[in-house]
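Structure first, commentary second.
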Number of protein chains: 2
Amino acid sequence: MHDYAQCHTHDNHKQCITLVPIFNHLENEQMNEVMTTARSSSYKRGEMIYKAGEQSDSLYIVSKGKIKIYRLSESGKEQLVRILNPGDFTGELALFNEGVHESYAEAIIDTQVCMIRRSDLQEFLLKYPSISLKILSEFSSRLEQSEKQTTRFATEKVETRIALFLAECLERDSTELTLPMSKKDLASYLGTTPETISRKLGDLEVAGYIKQKGQRNIEIMDLDGLLLL
Amino acid sequence: MHDYAQCHTHDNHKQCITLVPIFNHLENEQMNEVMTTARSSSYKRGEMIYKAGEQSDSLYIVSKGKIKIYRLSESGKEQLVRILNPGDFTGELALFNEGVHESYAEAIIDTQVCMIRRSDLQEFLLKYPSISLKILSEFSSRLEQSEKQTTRFATEKVETRIALFLAECLERDSTELTLPMSKKDLASYLGTTPETISRKLGDLEVAGYIKQKGQRNIEIMDLDGLLLL
DNA sequence: CGCTGTCTTGAAGCGTTTCAACACAAGTGG
DNA sequence: CCACTTGTGTTGAAACGCTTCAAGACAGCG
């Protein structure tokens with residue numbers, strides 16, 4: 001493994017951009033072209049990358065660290081939308097839209113991102129149409145995912161939403177998982193409260209579907225049963 | 001206004017494709033190229049255009065009629081996702097993705113669509129990259145919209161979701177609106193039951209925020225009050 | 001006109017939130 | 001390194017919001 005912090009800026013960008021599904025099909029030369037336009041930037045735990053209402057001017061690719069994306073509803077309540085790990089990107093929505101962010105991006109640990117300016121990106125898209133197809137594919141998945149999530153909120157009760165979430169965290173053929181976020185954040189993500197998360201996980205454990213191991217690890221005892229809730 | 005049904009197929013396609021934001025910036029010649037690859041198809045009230053699980057092979061553009069898009073949740077409950085009117089399109093998600101539909105599309109009145117095959121579309125996208133940018137922009141808006149909707153479900157109570165929906169139906173500087181769907185469908189769209197819709201609208205009327213006029217018309221008496229719920 | 005599906009209203013029941021109090025873990029500074 | 005502070009996680013009891021079921025009114029379509 002590499003320690004990014006010790007890399008040259010150029011190596012850092014390369015390291016980071018090759019991680020991204022959108023770009024990783026490019027020829028080496030095109031890749032270099034993209035890289036030279038990128039800048040990098042660091043954020044300390046708790047710092048904001050962008051806020052709702054701000055003008056958007058870049059695509060942000062996480063090269064190191066963790067970022068949480070959240071929204072405020074009309075009545076001021078916060079909902080966690082997504083957690084970004086190295087290789088994930090954000091800021092894309094505002095780029096093709098009105099240009100104003102509607103969500104908040106905050107570093108949850110010390111984080112390094114690499115940024116591609118809007119104008120540079122647009123240029124690449126017209127020059128290498130295959131990038132567009134990649135982004136279209138990425139957007140499609142995200143839209144499916146988001147609509148699926150909406151439908152779950154609209155039709156499933158909390159216990160089911162938790163069960164489905166656990167099932168999605170579980171790697172194929174594995175029986176144990178590590179929660180990707182705190183239970184407080186999980187509550188925000190699933191549209192409920194930390195108290196309810198705590199109680200429902202307790203219920204699932206009593207019913208024999210899962211076994212909680214410490215704060216963040218869960219062993220799935222009966223996946224099929226879990227999905228029948 | 002035109003009566004599409006009486007048009008020649010070719011005129012019909014043109015009529016229909018020029019309606020679509022994705023294509024309406026094209027030169028006449030390019031437009032013709034797109035049109036010649038399109039086919040049209042008709043559906044009677046209640047007929048399915050596609051179902052979840054089916055292989056996807058086309059983009060569908062509504063030229064006449066109304067289509068409802070809905071999903072089934074894991075536990076089998078139905079949620080209405082969107083209603084398509086002439087000029088709207090669907091089927092796009094599966095085109096860039098796995099190729100399998102995850103939602104259902106049903107004609108709610110007699111409907112005519114024009115279809116562009118997947119392979120033809122991909123060809124156009126690589127040939128005319130500006131179409132991709134248009135679609136990216138459309139997808140961005142949809143994603144914003146969908147994430148906003150998710151956040152509402154996650155954080156707002158039913159009454160607020162209804163109020164926000166009414167506000168969005170209201171045309172600028174207007175004071176009266178016509179619901180775009182039945183209250184039963186509205187309930188499905190907003191993730192609640194027809195009974196609750198009925199009761200909450202009653203409450204809003206008693207509180208003086210709105211006035212119900214017949215089954216589908218509503219006069220907004222106090223928009224600001226409504227949005228402060 | 002009659003049938004079918006949508007809409008309304010009431011009463012009972014359920015699921016989830018809220019508030020408060022306490023246990024526990026993690027990050028901070030002497 | 002420990003003690004301190006701060007934030008996260010748990011548990012109970014009460015309150016709330018919404019759904020469910022049932023029954024009747026109404027509208028739309030053949």
Side-chain angles (χ1 to χ4, degrees), chain A residues 44-47 66 68 73 75-80 83 106-110 152-163 178-207 210-218 229, chain B residues 44-46 66 68 73 75-80 106-110 152-163 178-207 210-218 229:
Chain A
K44 288 226 174 306
R45 167 191 168 75
E47 275 190 286
K66 239 180 215 280
K68 75 168 174 183
S73 70
S75 60
K77 277 173 220 146
E78 185 178 317
Q79 195 222 355
L80 198 154
I83 300 238
E106 178 187 336
I108 49 183
I109 54 177
D110 291 3
R152 283 187 189 170
F153 280 119
T155 61
E156 311 286 16
K157 55 187 184 187
V158 174
E159 195 169 49
T160 310
R161 302 207 296 268
I162 295 176
T178 301
L179 292 176
M181 59 185 107
S182 69
K183 289 182 183 164
K184 178 178 173 283
D185 282 347
L186 183 57
S188 165
Y189 181 74
L190 293 179
T192 181
T193 60
E195 293 93 327
T196 299
I197 294 278
S198 192
R199 279 189 256 268
K200 294 298 180 187
L201 285 178
D203 292 351
L204 292 176
E205 182 155 23
V206 169
I210 66 171
K211 199 170 267 177
Q212 304 190 60
K213 310 197 156 179
Q215 295 272 21
R216 289 225 181 174
N217 287 27
I218 293 178
L229 288 181
Chain B
K44 287 226 175 307
R45 165 191 170 75
K66 239 180 216 280
K68 74 169 172 182
S73 70
S75 61
K77 279 175 219 145
E78 184 177 318
Q79 194 222 356
L80 198 155
E106 178 187 339
I108 48 182
I109 55 179
D110 290 2
R152 282 186 189 170
F153 279 118
T155 61
E156 311 284 17
K157 53 187 186 188
V158 174
E159 193 169 49
T160 309
R161 302 207 295 268
I162 296 176
T178 301
L179 292 177
M181 57 186 108
S182 70
K183 288 182 185 166
K184 176 176 174 285
D185 283 345
L186 183 56
S188 166
Y189 181 73
L190 294 179
T192 183
T193 59
E195 294 92 326
T196 299
I197 294 278
S198 192
R199 279 188 254 269
K200 294 299 180 186
L201 285 178
D203 293 350
L204 291 177
E205 182 156 23
V206 169
I210 66 172
K211 200 170 265 176
Q212 301 190 62
K213 309 197 157 180
Q215 296 271 22
R216 289 224 182 176
N217 287 29
I218 293 178
L229 288 179

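Just so we're clear, the structure is a prediction, and the values are computed from it rather than from any experiment. Lettering of chains follows the sequences in order, A, B, ..., and the numbering in each one begins at 1.
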Determine yes or no for a side-chain-to-main-chain donor-acceptor pair under 3.5 angstrom, with A:Gln212 supplying the side chain and A:Glu205 the backbone. no
What's touching nucleotides 12-14 of chain D from the protein side, N or O pairs under 3.5 Å?
{"unit_1": "D:dG12", "atom_1": "N7", "unit_2": "A:Arg199", "atom_2": "NH1", "d": "2.9"}
{"unit_1": "D:dG12", "atom_1": "O6", "unit_2": "A:Arg199", "atom_2": "NH2", "d": "3.3"}

Taking the minimum atom-to-atom distance to the side chain of A:Pro194, which one of C:dG27, C:dT6, D:dT10 wins? D:dT10
I need the residues from residues 152-162 of chain A with at least one non-hydrogen atom less than 4.0 Å from DNA chain D; give them sorted by number, or say none. none
Given side chain to side chain contact (heavy atoms under 4.5 Å, CB included), test A:Lys200 with A:Thr192 step by step and report yes or no. CA-CA 11 Å; A:Lys200 294 298 180 187; A:Thr192 181; over 6 Å; no
Give B:Thr196 one of three labels, base, sugar-phosphate or nothing, depending on what nucleic acid heavy atoms sit under 4.0 Å from its own. base
Please report the end-to-end axis angle for the helix from C:dC1-D:dG30 to C:dA26-D:dT5, five pairs per end, rounded to 10 degrees. 60°
Identify the heavy atoms of B:Tyr189 and B:Phe153 that sit nearest to each other, and give their distance. O-CZ, 3.4 Å
Here the distance between atom C1' of D:dG9 and atom NZ of A:Lys184, to the nearest Å, is 12 Å
Shortest non-hydrogen contact from A:Lys66 to A:Ile83? CG-CG2, 4.2 Å
Do A:Asp110 side-chain atoms and A:Lys44 backbone N/O form a donor-acceptor pair below 3.5 Å? no
Whole Å only: how far is the CE atom of B:Met181 from the C1' atom of C:dT6? 15 Å
Under the salt bridge (charged side-chain N to carboxylate O under 4.0 Å, His left out) rule, collect the residues that match up with B:Arg161, sequence neighbours excluded. none
Not counting sequence neighbours, which residues clear salt bridge (charged side-chain N to carboxylate O under 4.0 Å, His left out) with B:Lys213? List them please. B:Glu219
Are B:Glu156 and A:Ser75 close enough, and set up right, to give a side chain to side chain contact (heavy atoms under 4.5 Å, CB included), and what steps lead you there? CA-CA 7 Å; B:Glu156 311 284 17; A:Ser75 60; 2.6 Å; yes
Close approaches to DNA chain C from residues 185-193 of chain A, in residue order (heavy atom, under 4.0 Å): A:Gly191, A:Thr192, A:Thr193
From NZ of A:Lys77 across to P of C:dT17 the rounded distance in Å is 10 Å
Using atom CD of A:Gln212 as one end and atom P of C:dA25 as the other, report the distance to the nearest whole Å. 14 Å
pair B:Leu204-B:Leu229: side-chain heavy atoms closer than 4.5 Å: yes
When rounded to whole Å, the CD1 to P distance for the pair A:Ile108 and C:dG27 reads 12 Å
Atom-pair distance (CZ on B:Arg216; P on C:dT6), nearest Å: 11 Å
Can you give me the closest heavy-atom contact between B:Asp203 and B:Glu159, atom names plus distance? CB-OE2, 4.1 Å
A:Ser188 backbone acceptor or donor facing A:Glu78 side chain under 3.5 Å: no
Round to the nearest Å and state the distance from B:Lys183 atom NZ to C:dT9 atom P. 9 Å
Quick note, A:Ser198 side chain, CB onward, closest among D:dT11, C:dT6, C:dT9 is D:dT11
So, the side chain of B:Gln79 versus the backbone of A:Thr155: is there a donor-acceptor pair under 3.5 Å, distance only? no
Closest approach of B:Lys184 to B:Pro194 (non-hydrogen atoms, all atoms of both residues): CA-CG, 4.2 Å
Quick one: is B:Lys200 getting a side-chain N or O under 4.0 Å of the D:dC18 phosphate, OP1 or OP2? yes
Distance check needed: D:dT8 C1' versus A:Leu201 CG, whole Å only. 14 Å
How far does CD1 of B:Ile218 sit from CD1 of B:Ile210, to the nearest 0.5 angstrom? 4.5 Å
